[in-house]
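Written out below as structure tokens is the structure these notes cover.
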Amino acid sequence: MCGIVGYIGSRPAYEILIKGLHRLEYRGYDSAGVAMLTDDGRLNIYKSHGKVADLENFCNAQDLDGCAGIAHTRWATHGEPNDINAHPHLSRSGRIALVHNGTIENYTVLKEALEQQGYEFKSETDTEVLVQLIEYVMLTNGCQLVDAVREALHQVIGAYAIAVVDTQEPDTIVAARKSSPLVIGVGDGETFLASDATPIVEYTDKVVYLNDGEIAIITRGKPLKIITADNESAEIDIQTLKMSVSQLEKGGFPHFMLKEIFEQPRTIRDCVRGRIGNSGSRVTLSGVIEHADVFRRAKRIIIVACGTSWHAGLIGKRLIEEYARIPVVVEYASEFRYSNPIVTPDDVVIAISQSGETADTLAAIKLAKERGAFVYGVCNVVGSSIARATDSGTYIHVGPEIGVASTKAFTGQVTVLTMFALAVGQVRDTLDREVAAKVVCSIRKLPELIKQTLKLNDKIEKLSDTYTYVHNFLYLGRGYNFPSALEGALKLKEISYIHAEGYPAAEMKHGPIALIDHELPTVVIAPKDDLHEKIISNIQQVKARGGSVIAVVTKGDTTIAEIADHIIEIPDVPESISPVIVSIPLQLLAYHIAVKKGCNVDMPRNLAKSVTVE
Ligand code: M6R
């Protein structure tokens with residue numbers, strides 16, 4: 001949550017900063033701010049509540065001079081989203097400006113200590129405490145910015161990625177991180193920094209991922225320098241980005257979410273490339289092969305994740321138990337970390353995260369490692385904190401996901417978990433060859449099957465007219481598609497603000513059936529599978545009580561077509577692959593309802609893409 005950007009070089013900083021903020025807006029959009037530093041030490045600082053566009057409007061009439069600067073887009077934690085609480089924050093004298101992503105947990109203690117020294121605070125933020133502390137240390141110790149930052153950070157408990165400038169050192173930006181991401185872009189005579197690589201990619205493909213506890217000293221005209229918290233020189237590992245600018249644009253679609261839904265034939269192709277061949281049933285996941293012994297002797301798998309990634313984990317459980325015959329438990333990372341869980345060195349923990357930055361998932365990994373488990377990551381963002389904190393893993397390779405509602409990352413996660421289950425089954429010799437051949441063949445066909453399923457878009461758009469103004473929705477599914485019901489409900493509620501619940505279809509009669517009346521539509525996920533007859537009974541139970549049913553069925557299912565109010569026909573696929581296909585119409589339904597309601601689907605209220613706070 002929150003995005004930070006920085007630039008120092010010879011170009012006007014404002015345009016780079018504002019463009020960078022637009023790229024990071026998915027991380028938070030409560031308020032935004034920029035500070036440009038001129039060569040002669042003037043600070044042009046502007047802030048605005050609301051979105052980056054509001055800041056831009058405000059800045060149009062301002063002095064935007066300066067070839068160095070820092071900027072911020074905020075997801076509010078401490079203090080309401082207003083102009084005063086917006087970053088950058090200034091020190092008492094006005095010479096130091098700072099932007100921050102994270103949470104300073106001991107800010108009250110630090111604030112009280114500074115107040116006793118006569119400091120006064122304008123905002124309600126934890127961040128202002130940090131910038132005042134840096135100035136206090138600087139004045140007390142008579143030191144320069146970098147030493148003041150290093151010393152101040154020794155006193156801080158919490159998570160941070162910060163960028164700091166000082167009017168007395170106009171050629172320098174100091175940046176530091178702990179538990180919040182920070183990437184530095186190394187250009188030709190210019191340096192960029194950002195919460196992720198998206199603001200950097202159009203200027204340079206050379207990046208350095210700052211490690212926890214490191215401080216970067218970025219000085220105009222000098223090579224990048226990185227030190228540790230103990231003032232030791234740290235290694236600089238320059239990596240090459242594999243990302244293109246076109247991946248970060250809407251490409252003619254009205255929203256990133258719709259673009260990302262339609263990208264799925266390609267993203268799934270990228271996800272499976274090199275992992276399954278054009279023929280045969282072999283799955284090659286290097287993360288599994290290189291640690292075959294760990295998976296051979298594993299007694300249990302614990303999946304930790306949040307939100308959509310947790311739903312993918314529930315599907316992963318069934319896949320792994322089916323193909324690799326290892327018992328699996330799926331935990332919300334936020335619950336796992338505080339539950340004093342029983343974790344042993346015989347356990348493998350799988351952490352699933354699109355962003356690779358989710359604070360609860362990171363904390364769960366730390367705990368699992370302390371207790372001796374081997375940790376396997378399933379991430380999208382290359383070089384992210386989770387990808388780096390895990391012992392091994394598989395990237396889903398679906399490219400940047402910008403819409404706050406996860407779509408292509410979910411199908412990528414489920415696809416990777418399918419391949420993972422098969423790969424571990426190979427290693428443990430639990431896999432029936434015929435079954436493996438059938439599933440691998442279906443994975444191979446997934447891009448084409450998704451393409452066919454996307455043709456439902458027009459039909460679903462029309463269908464959404466009927467349901468735009470309902471207040472509640474029920475989603476039912478069984479087996480592999482119970483998690484699909486949860487995910488369908490989450491998609492709808494997060495972008496359209498319609499209350500929606502996902503339930504295992506057979507559980508409906510134990511309570512939720514009481515809700516059914518003519519005002520409550522039910523989405524029933526009912527492709528042809530072993531439980532097909534049972535789910536037909538569930539549909540009849542809804543119909544008998546006056547509820548309307550939208551059924552997602554296998555093409556040609558005439559039985560359900562006769563009883564449901566609306567049917568959405570998907571291609572015939574094996575049950576274990578069906579959640580990937582089923583998710584397409586559910587994503588489209590949520591999208592069209594939200595658009596018709598006039599909601600901002602890419603930036604739904606109160607949400608942020610990467611949840612780096614508890
Ligand atoms: O980046 P992660 O996969 O760790 O994020 C987990 C959740 O915050 C995320 O899936 C969230 O639920 C999305 N808004 C779902 O669309």
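In each ligand, atom 1 is the first atom listed, and ligand 1 is the first ligand listed.
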key: Distance flag, aromatic centroids of Tyr26 and Phe256, threshold under 6.0 Å   = no
note = Nearest non-hydrogen protein atom to atom 8 (O) of ligand 1, with distance, is Val611 CG2, 3.8 Å
May I have the list of side-chain donor-acceptor pairs in residues 451-459 shorter than 3.5 Å, sequence neighbours left out?
residue	atom	partner	partner atom	Å
Thr453	OG1	Leu449	O	2.6
Asn457	OD1	His592	NE2	2.6
Lys459	NZ	Ile567	O	2.7

message = Checking the N or O distance criterion of under 3.5 Å, is ligand 1 in contact with Gln413?
response = no
ask   = With a 3.5 Å cut-off and no angle check, do the side chains of Thr308 and Glu487 form a donor-acceptor pair?
value = yes
message = I need the atoms of ligand 1 closer than 4.0 Å to a non-hydrogen atom of Val404, numbered in the order shown.
response = 13 (C), 14 (N), 16 (O)
query = Are Glu249 and Arg23 within salt-bridge range, i.e. N to O under 4.0 Å?
reply = yes
message = Please list, in number order, the atoms of ligand 1 under 4.0 Å from a heavy atom of Ser353.
response = 1 (O), 2 (P), 3 (O), 4 (O)
request  = State the atoms of ligand 1, each with its element, that fall below the 4.0 Å cut-off from a heavy-atom position in Ser309.
outcome  = 2 (P), 3 (O), 10 (O)
task = Starting from atom 1 (O) of ligand 1, find the nearest protein heavy-atom neighbour and note its residue, name and distance.
result = Ser355 OG, 2.6 Å
remark   = Numbered in order shown, the ligand 1 atoms found under 4.0 Å of a heavy atom of Ala405 are 16 (O)
Identity and distance of the protein heavy atom lying nearest atom 7 (C) of ligand 1 = Cys306 O, 3.7 Å
request  = Would you please name every residue forming a ring-ring contact (aromatic ring centres under 6.0 Å, His included) with His72, sequence neighbours left out?
outcome  = His87
Per-residue contact class, Glu494 against ligand 1 - non-hydrogen pairs under 4.0 Å = side chain
ask   = For atom 4 (O) of ligand 1, what's the nearest protein heavy atom and its distance?
value = Thr358 OG1, 2.4 Å
inquiry  = Under a 4.0 angstrom heavy-atom cut-off, which atoms of ligand 1 come close to Thr308?
reply    = 10 (O), 12 (O), 15 (C), 16 (O)
inquiry  = If you take the centroid of each ring, where Trp contributes its six-membered ring, are His255 and Tyr591 closer together than 6.0 Å?
reply    = yes
key: 4.0 Å heavy-atom contact, Lys491 with ligand 1   = yes
Asn600 to Lys51 - nearest heavy-atom pair and separation = ND2-CE, 3.8 Å
request  = Report the distance from atom CZ of Arg275 to atom OG1 of Thr418, rounding to the nearest 0.5 Å.
outcome  = 12.0 Å
